[in-house]
Amino acid sequence: MNTFLNRLTTVLGEREKHPWGAMLGIGRGTIGNMFTGTIPTSETLNAISRHENINTTWLLDGRGEPYIVHKFADDEECADYLDALFDEKSWTVYLVTDQKRLALVLTMPARYKVKEEWVSYMVVEVLAGRCGRKTLNRVRAEIPVCSVFLINTYPHTMHDLSRGQIGTYRLLYSSSPLLHQDVSVLKEHKIFEWPEENIPLTPEEQILVDNFRHMAAEQKAAYKSIGDALAQPKNDEMAS
């Protein structure tokens with residue numbers, strides 16, 4: 001995908017270019033020019049970015065990830081970002097998990113004006129990284145103002161979503177969209193088999209849990225060996 005046209009064709013996927021362009025408020029002439037490799041105006045790029053959640057830097061020159069993802073280094077940072085979002089509007093929230101990691105997709109209908117016509121689209125915010133207990137509790141606090149749904153998925157899908165490989169079309173509109181509203185989340189809904197949903201943790205324990213959850217498999221195995229070694233004297237004492 002080393003050209004603008006290659007990347008644009010990838011974004012389009014299985015869709016037809018002219019109906020797609022009409023949905024974005026882009027004329028047939030502009031669409032035809034783009035699909036010969038002509039770089040469009042900033043207005044057209046903004047329309048594509050809105051509808052597809054596309055990273056325009058990637059679309060233009062291939063740098064970065066295809067789709068926009070907000071990545072957080074810690075749980076509190078993610079919860080704070082949600083505060084800013086929830087202060088403004090009511091969102092539909094999707095909790096996406098493989099039971100090891102958590103990502104969020106927030107959607108909200110919106111529109112913009114092209115010449116004299118209003119064009120409708122879906123705002124999409126993807127949040128990933130170290131999203132955990134604080135993030136989850138912040139979402140719960142918005143129920144029932146926000147509708148919240150649980151999406152259980154596979155590790156490879158979590159990997160793709162968190163790394164900006166899944167855009168709005170695949171999330172919402174493809175023949176097999178990732179997001180659906182089959183499982184509604186209530187405030188008391190137990191979502192994950194995470195220790196902090198059952199046993200209150202100290203701040204120090206929370207840091208250990210958060211770090212362990214995001215370690216690579218070999219790092220987890222090393223830490224487990226240390227934990228087993230530390231627990232052995234206590235086990236021996238109990239056995240005697």
Side-chain angles (χ1 to χ4, degrees), residues 1-71 81 84-85 88-94 96 103-128 146-147 149 151 153 156-182:
M1 291 190 290
N2 57 356
T3 69
F4 169 77
L5 180 56
N6 292 150
R7 292 185 289 274
L8 182 65
T9 301
T10 298
V11 171
L12 183 66
E14 63 195 22
R15 295 169 287 180
E16 296 292 331
K17 61 185 179 182
H18 288 299
W20 173 74
M23 183 180 67
L24 273 62
I26 302 173
R28 292 180 68 90
T30 300
I31 289 293
N33 290 336
M34 281 199 303
F35 280 91
T36 61
T38 301
I39 303 299
T41 64
S42 59
E43 182 181 39
T44 297
L45 288 170
N46 287 336
I48 297 171
S49 180
R50 286 190 181 104
H51 279 266
E52 304 292 338
N53 194 35
I54 202 78
N55 172 9
T56 53
T57 300
W58 172 84
L59 183 61
L60 288 172
D61 60 26
R63 289 186 291 116
E65 296 167 338
Y67 300 101
I68 299 169
V69 178
H70 303 283
K71 299 180 183 179
Y81 187 82
L85 292 180
E88 296 177 5
K89 301 288 183 180
S90 295
W91 297 80
T92 298
V93 183
Y94 298 89
V96 185
L104 286 77
V105 181
L106 293 86
T107 67
M108 180 177 60
R111 60 181 189 163
Y112 61 92
K113 201 169 188 179
V114 177
K115 297 180 181 178
E116 299 302 317
E117 298 292 328
W118 286 101
V119 178
S120 298
Y121 74 106
M122 190 69 73
V123 179
V124 171
E125 293 266 350
V126 180
L127 283 56
C146 292
S147 298
F149 301 95
I151 308 295
T153 192
H156 66 85
T157 304
M158 285 293 296
H159 177 278
D160 289 348
L161 178 64
S162 300
R163 285 163 176 76
Q165 303 299 312
I166 300 178
T168 301
Y169 178 68
R170 187 173 161 197
L171 287 172
L172 294 169
Y173 304 120
S174 68
S175 55
S176 299
L178 173 61
L179 304 182
H180 55 76
Q181 299 185 356
D182 294 345

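Note: hydrogens, waters and symmetry copies are ignored here, and every other heavy atom, side chains too, is used.
Within the model, atoms OG1 of Thr168 and CE of Met122 stand 9.0 Å from one another, a figure rounded to the nearest 0.5 Å. Expressed to the nearest 0.5 Å, how far CE of Met158 lies from CG of Leu178 amounts to 9.5 Å. Within the model, atoms CG of Leu59 and CD1 of Ile39 stand 7.5 Å from one another, a figure rounded to the nearest 0.5 Å. Rounded to the nearest 0.5 angstrom, Ile26 CD1 and His51 NE2 are separated by 7.5 Å. Note that OH of Tyr112 and CZ of Arg50 are 6.0 Å apart. Values are rounded to the nearest 0.5 Å. To the nearest 0.5 Å, the span separating CG on Asn55 from CZ on Arg7 amounts to 10.5 Å.
No side-chain heavy atom of Trp58 sits under 4.5 Å from any side-chain heavy atom of Ile68. Proximity of Ile151 to Leu179: side-chain heavy atoms (C-beta onward) are separated by under 4.5 Å at one or more points. The side-chain heavy atoms of Tyr169 and Glu52, taken from C-beta on, include a pair separated by under 4.5 Å. Contact of the Leu45 side chain with the Leu60 side chain is registered, since non-hydrogen atoms from C-beta on lie closer than 4.5 Å. Side-chain atoms of His180 and Tyr94, non-hydrogen and from C-beta on, never get closer than 4.5 Å to each other.
Side chain of Arg28 to main chain of His18: no donor-acceptor pair is present (N/O by atom type, distance under 3.5 Å, no hydrogens or angles). Side chain of Trp91 to backbone of Leu85: a donor-acceptor contact under 3.5 angstrom is found.
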After noting the C-alpha distance and the side-chain angles of Thr9 and Asn6, does the key distance pass the side chain to side chain contact (heavy atoms under 4.5 Å, CB included) rule? CA-CA 5 Å; Thr9 301; Asn6 292 150; 5.8 Å; no
Take Val105 and Val124, measure what side chain to side chain contact (heavy atoms under 4.5 Å, CB included) needs, and give me the verdict at the end. CA-CA 7 Å; Val105 181; Val124 171; 4.0 Å; yes
Check the pair Val96 / Val126 against side chain to side chain contact (heavy atoms under 4.5 Å, CB included), numbers first and verdict last. CA-CA 10 Å; Val96 185; Val126 180; over 6 Å; no
List the steps and the verdict of side chain to side chain contact (heavy atoms under 4.5 Å, CB included) for Arg163 and Val69. CA-CA 7 Å; Arg163 285 163 176 76; Val69 178; over 6 Å; no
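The shortest heavy-atom contact between Gly37 and Phe4 is O-CD2, 4.0 Å. Shortest non-hydrogen contact noted between Met34 and Ile48 is SD-CD1, 4.0 Å. Nearest heavy atom pair, residue Tyr67 against residue Gln165, reads CD1-C, 3.7 Å. Closest of all the heavy-atom pairs between Lys17 and Phe35 is CB-CE1, 3.7 Å. Minimum interatomic distance between Leu171 and Pro177 (heavy atoms only, all atoms of both residues): O-CB, 3.4 Å. Closest heavy-atom contact between Ile166 and Arg170: CG1-NH1, 3.4 Å.
The number of heavy-atom neighbours closer than 6.0 Å to CZ of Arg15, taken from other residues, nucleotides and ligands shown, is above 12. Counted within 6.0 Å of CD on Glu65, heavy atoms from surrounding residues, nucleotides or ligands total more than 12; the atom is thus considered enclosed.
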